[in-house]
Amino acid sequence: MKMKALKGIAAMLVAVMAMSTAVFAAPSVTINGSVAQDSVTMDGVDPSTVELRFEEVDTTNLDAAVAEQIQAIAAEPSAVSNVIAEATVAEGDTIDTSKLQLLTQIQDLNIRNLETGELVTEATNVKVTWEVPNLTEGIGEVRVLHYSTVRGAWEILVPDSVDYANKAITQTFADLSPVAVVYVPAAEDTTTAGSSTETGTTEGAQTSDSMQTVLYAVIAVAAVVLIAVLVVSKKKVNNN
């Protein structure tokens, strides 16, 4: 009886550990997904004649210092903090930039002519929706990190919308250049303004808090059961 009880406790603790990992594990940095071509609008170019897609950053066309920053981030995602420290933030956005982490790799969001495949550079005010494979409900507060080669500056943009249900982000760019998705993990999210969401989304911090509450409850129950079993086992041993 004692062995069965201990096996049951072990199974319960394994389940608790698995749940803990699921709740607190940070998502792995991935590439940006495909662009929804029918979502694209822009000034200066007919969207029906071009294709937008994410490609590896062409550092040969960048300032040497910026190229080094991007290469450093590719090697070690946490290096994004150096870029974020110098980036401008959208007016009215109160997010704590020091807590931002990389969700997707920095990639060029390029416009290419459908017939020739040549790069189109003259487009402005580009609005686009794209897939973010590791975007999950409750992840936290999401932003878009962008380097403008036109203005020579990093900027942190508030997405037009974040659709967690369909793992998609919509963003309007003044010009197209290197892009990445960044976020403040829900457990550290203290933002109260400047976010935008679509149907099917919820506040990340609230979701995280609820999940943590459930986890703590499970751990408490496991602890009570463990104590009860040990007490019963000890009584049986003493009686024998």
Side-chain angles (χ1 to χ4, degrees), residues 24-33 35 52-111 119 121 124 126 128 130-136 138-160 162 167-196 204-205 208:
F24 296 110
S28 299
V29 178
T30 186
I31 60 173
N32 292 281
V35 173
L52 272 73
R53 59 188 187 220
F54 284 97
E55 301 176 340
E56 185 177 350
V57 175
D58 183 2
T59 56
T60 61
N61 295 323
L62 295 173
D63 177 84
V66 175
E68 288 180 4
Q69 287 178 322
I70 293 176
Q71 290 168 346
I73 294 169
E76 176 49 63
S78 63
V80 73
S81 60
N82 297 323
V83 166
I84 289 172
E86 66 181 68
T88 60
V89 181
E91 183 177 356
D93 188 5
T94 60
I95 195 164
D96 185 348
T97 58
S98 67
K99 295 179 179 178
L100 284 169
Q101 299 180 21
L102 206 62
L103 187 61
T104 68
Q105 296 175 15
I106 298 179
Q107 295 176 277
D108 277 337
L109 179 53
N110 288 332
I111 306 173
L119 196 64
T121 59
T124 57
V126 181
V128 57
W130 74 94
E131 178 193 13
V132 180
N134 54 351
L135 181 66
T136 57
I139 191 172
E141 195 68 23
V142 177
R143 295 292 184 271
V144 174
L145 177 65
H146 174 245
Y147 179 74
S148 171
T149 54
V150 175
R151 288 166 280 128
W154 288 98
E155 57 187 357
I156 297 169
L157 307 174
V158 178
D160 297 349
V162 179
K167 296 182 178 295
I169 286 179
T170 299
Q171 183 68 64
T172 301
F173 299 94
D175 46 75
L176 286 188
S177 311
V179 171
V181 180
V182 293
Y183 73 109
V184 172
E188 301 183 44
D189 181 17
T190 57
T191 304
T192 57
S195 61
S196 175
S208 177

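Both backbone and side-chain heavy atoms feed into the values below; hydrogens, waters and symmetry mates do not.
At distances below 3.5 Å, at least one donor-acceptor pair connects side-chain atoms of Glu76 with backbone N or O atoms of Ser78. Checked by atom type and distance alone, the side chain of Gln107 pairs as donor or acceptor with a backbone atom of Asn32 at under 3.5 Å. With hydrogens and angles ignored, the 3.5 Å screen pairs no side-chain donor or acceptor of Asp108 with any backbone N or O of Asn110.
Between the CG atom of Leu157 and the CD atom of Gln171 there is a distance of 4.5 Å, given to the nearest 0.5 Å. Interatomic distance, OG1 of Thr136 versus NZ of Lys167, reported as 6.0 Å (0.5 Å rounding). The distance from atom CD1 of Ile31 to atom CD of Glu55, rounded to the nearest 0.5 Å, is 11.5 Å. Rounding to the nearest 0.5 Å places CZ of Arg143 at 11.5 Å from CD1 of Ile84. The CG atom of Leu145 sits 7.5 Å away from the CG atom of Leu102 when rounded to the nearest 0.5 Å. Expressed to the nearest 0.5 Å, how far CG of Asp96 lies from CD of Glu141 amounts to 12.0 Å.
Applying the side-chain contact (heavy atoms from CB on, under 4.5 Å) criterion to Glu86, with sequence neighbours excluded, gives Gln69, Trp154. Every residue two or more places apart in sequence or in another chain was checked for a salt bridge (charged side-chain N to carboxylate O under 4.0 Å, His left out) with Glu68, and none qualifies.
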query: Passes side chain to side chain contact (heavy atoms under 4.5 Å, CB included), Val126 versus Leu52? Steps please.
result: CA-CA 10 Å; Val126 181; Leu52 272 73; 3.9 Å; yes
message: Could you walk me through whether Val142 and Leu135 satisfy the side chain to side chain contact (heavy atoms under 4.5 Å, CB included) test, starting with their C-alpha distance in whole Å, then the side-chain angles of each, then the deciding distance to 0.1 Å, before giving a yes or no?
response: CA-CA 9 Å; Val142 177; Leu135 181 66; 4.0 Å; yes
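Between Ala186 and Gly138, the shortest heavy-atom distance links the atoms CB-O, 3.3 Å. Taking all atoms of both residues into account, the shortest heavy-atom contact from Ala72 to Ala79 is O-CB, 4.0 Å.
Under the 4.5 Å side-chain criterion, counting only non-hydrogen atoms from C-beta, Leu62 is not in contact with Thr60. Here the side chains of Val184 and Ile95 are in contact, with some heavy-atom distance below 4.5 Å. Using a 4.5 Å cut-off on side-chain heavy atoms (C-beta onward), Thr170 and Val128 make no contact. Here the side chains of Val144 and Ile156 are not in contact, with every heavy-atom distance at 4.5 Å or above.
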Less than 3.5 Å apart, which donor and acceptor atoms pair up between the side chains of residues 172-183 and the rest of the protein, not counting sequence neighbours?
from	atom 1	to	atom 2	distance (Å)
Thr172	OG1	Asp160	OD2	2.6
Asp175	OD1	Ser148	OG	3.0
Asp175	OD2	Ser148	OG	3.2
Asp175	OD2	Arg151	NE	3.3
Asp175	OD2	Arg151	NH2	3.2
Ser177	OG	Tyr147	O	3.1
Ser177	OG	Thr149	N	3.1
Ser177	OG	Thr149	OG1	3.2

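No more than 12 heavy atoms of other residues, nucleotides or ligands shown are found within 6.0 angstrom of CD on Glu56.
When each of Ile169, Val132, Val80, Thr30 is tested with Leu103 by the rule side-chain contact (heavy atoms from CB on, under 4.5 Å), just one qualifies, namely Val132.
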